[in-house]
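Note that ligands are numbered from 1 as they come in the structure, with each ligand's atoms numbered from 1 the same way.
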Amino acid sequence: MAEKNRNFKKRIAVTGGAGFIGSNLLLMMVPRYPDYLFVNIDCLTYAANLSNLSEIDSAENYEFEKIDITDYAGLEQCFNKYNFDSVIHLAAESHVDRSLIGPALFIQTNVMGTFNLLELARKSAVSNSDFRFLHVSTDEVYGSIETGSRADENYPVNPSSPYAASKAAADQMVRSYHKSYGLNTVITNCTNNYGAFQFPEKLIPLLINNIINGKTMPVYGDGRNIRDWLYVEDHCRALDLVFHNGVAGSVYNIGSGSETENIILIKKICAILEKKTGAGPFDKLIEFVKDRPGHDRRYALDSSKIKNELGWEPSLSLDEGLELTVDWYLSQSDWLKKCTSGEYVNYYEKVYGDRK
Ligand code: NAD
Ligand code: TDX
């Protein structure tokens, strides 16, 4: 711990660092910024996996604190211990289907948890007026986007699921702390991510896991809903840029522009797995099932602001990112097995059991 008290240039609380995006972000930023201290604050829900972070576990500029962001006193102690000058806030309940089954937890974590962090940031800003608060949010806050248009940062907020509504509420809280208290905030709204460490409740890893195990692939509705898929490392590079260079009080949309119908995406994944395993054909496992209630038809963001102001561009095409992702899951059978045993079996039955 003595080492951790040394004079770091920045002292950053990263919430949700053991989840999918948080793990990718920490694995990128901890070695890149040896003179910053990163403290991963995570309560380790089903979606977390500390083993993702084994490469940086013993780094001098990394610490882990098991704290629930709904526990204000626990967070306050942690803020006192580390004297943070910034927060990168990723911790959330993140899955739409779970929010439909149990919305209360989403309000607790995503709204109240964000409020707790904002309060502590506001208090920290009394002695450090530059205190930076990066809030990581989603394109789902805009709701379904009509064909032919793309949502820019001024697009009306119109969430459809309890998850999306909880994120929209948190975004508005963050906006209000900038307007009312002058807190140095930035908000990012990003499209669907995919890549290593994503929990197999989300579409892409769920499909890969089901194919590997010879299970059917549940496709909601007619399979023609559109998502704008972004490789997670491209999202993390954008977060790094916004954290350092984003203008206080601003919002940045982050999307790849590669809009794809779910059924097309599914066929791409089948083709990659057929090529890599020599088995298949896998599209015979496709099964159209009852639609998700409130299912947004199309997400599509206008990301020109982050491109023009901060020089961000996605580096990988969807086809390139999918190849890397399939390779990663094929090489991580133990990781996948750990995720898909225990609670996952009940979850799967609850969400998919009566969908046929
Ligand atoms: P995830 O579900 O994989 O991970 C969430 C992490 O937060 C987990 O490590 C979990 O343990 C932690 N967490 C949850 N509740 C907590 C609590 N009460 N206290 C402390 N830690 C808690 O999520 P993700 O996909 O990595 O998403 C990270 C953030 O990015 C979320 O805020 C999400 O809304 C946002 N986002 C995700 C996507 C996407 O496609 N996955 C896209 C845009 C934005
Ligand atoms: O079994 C499935 N079958 C299916 O057809 C699942 C899990 C999903 N789908 C469809 C629903 C969506 O149209 O695939 C699409 C993607 O679904 P998810 O992976 O659940 O993502 P989505 O609901 O679009 O939300 C994601 O992107 C925005 C993340 O889960 C959010 O955390 C992020 O904020």
Side-chain angles (χ1 to χ4, degrees), residues 14-25 40-50 52-53 65-71 74-75 88-100 105-106 108-110 112-114 116-117 135-141 144 159-161 163-164 166-167 170-171 188-195 197-207 210 216-230 232 235-236 239 254-255 260-263 265-266 286-292 294-299 301 339 348 351-352 355:
V14 179
T15 71
F20 161 51
I21 299 172
S23 295
N24 280 284
L25 185 72
N40 175 9
I41 297 177
D42 198 305
C43 73
L44 305 181
T45 69
Y46 73 93
N49 194 335
L50 273 183
N52 300 348
L53 299 166
E65 294 282 351
K66 186 170 186 298
I67 300 171
D68 190 317
I69 59 166
T70 64
D71 168 14
L75 275 182
I88 302 180
H89 176 33
L90 296 121
E93 286 296 330
S94 70
H95 192 45
V96 173
D97 291 321
R98 287 185 195 258
S99 82
L100 294 165
L105 183 59
F106 284 70
Q108 280 307 319
T109 295
N110 300 358
M112 294 309 294
T114 303
N116 285 341
L117 289 161
H135 175 62
V136 180
S137 188
T138 169
D139 60 354
E140 301 207 14
V141 300
S144 204
S160 302
S161 68
Y163 163 69
S166 70
K167 292 297 290 188
D171 293 9
T188 54
N189 293 98
C190 185
T191 55
N192 288 61
N193 282 217
Y194 67 99
F197 306 123
Q198 188 167 35
F199 192 82
E201 64 193 351
K202 307 290 194 316
L203 181 65
I204 291 178
L206 182 138
L207 296 173
N210 283 18
T216 57
M217 293 184 274
V219 183
Y220 296 163
D222 64 2
R224 302 199 58 193
N225 299 65
I226 290 173
R227 296 292 182 266
D228 174 359
W229 295 96
L230 182 68
V232 63
H235 183 195
C236 292
L239 294 177
I254 308 169
T260 310
E261 283 186 356
N262 290 341
I263 193 69
L265 175 83
I266 292 166
I286 290 173
E287 183 179 30
F288 289 91
V289 298
K290 201 154 84 189
D291 208 353
R292 174 189 276 173
H295 194 179
D296 285 328
R297 191 65 172 168
R298 174 172 177 263
Y299 295 145
L301 290 184
C339 293
Y348 202 91
V351 173
Y352 297 99
R355 250 198 155 108

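Here Asp296 does not pair with Arg227 in a salt bridge; the nearest charged N to carboxylate O distance is not below 4.0 Å.
Listed by number with element, the atoms of ligand 2 under 4.0 angstrom from any heavy atom of Glu201 are 7 (C).
Residues passing the ring-ring contact (aromatic ring centres under 6.0 Å, His included) test with Tyr299: none are found, sequence neighbours excluded. Residues passing the side chain to side chain donor-acceptor pair (under 3.5 Å) test with Thr216, sequence neighbours excluded: Glu287. Looking at residues two or more places apart in sequence or on another chain, you find a side chain to side chain contact (heavy atoms under 4.5 Å, CB included) between Cys236 and Ile21, Asn24, Leu25, Met28, Val232.
In terms of protein heavy-atom proximity, atom 5 (O) of ligand 2 is nearest to Tyr220 N, 2.9 Å.
Of the heavy atoms in Asn262, only side-chain atoms (C-beta onward) come closer than 4.0 Å to ligand 2.
No close placement of the Phe20 and Phe199 rings is indicated, their centers lying 6.0 Å or farther apart.
Near ligand 1, residues Gly16, Ala18, Gly19, Phe20, Ile21, Asp42, Cys43, Leu44, Thr45, Ala47, Ala48, Ile67, Asp68, Ile69, Leu90, Ala91, Ala92, Ser94, Thr109, Val136, Ser137, Thr138, Tyr163, Lys167, Cys190, Thr191, Asn192, Asn193 come within 4.0 angstrom through at least one heavy atom.
For ligand 2, none of its N or O atoms has an N or O atom of Val219 under 3.5 Å away.
Without hydrogens or angle criteria, Thr15 side chain to Leu90 main chain gives a donor-acceptor distance under 3.5 Å.
Ligand 2 has His295 within reach: a non-hydrogen atom of the residue lies less than 4.0 Å from it.
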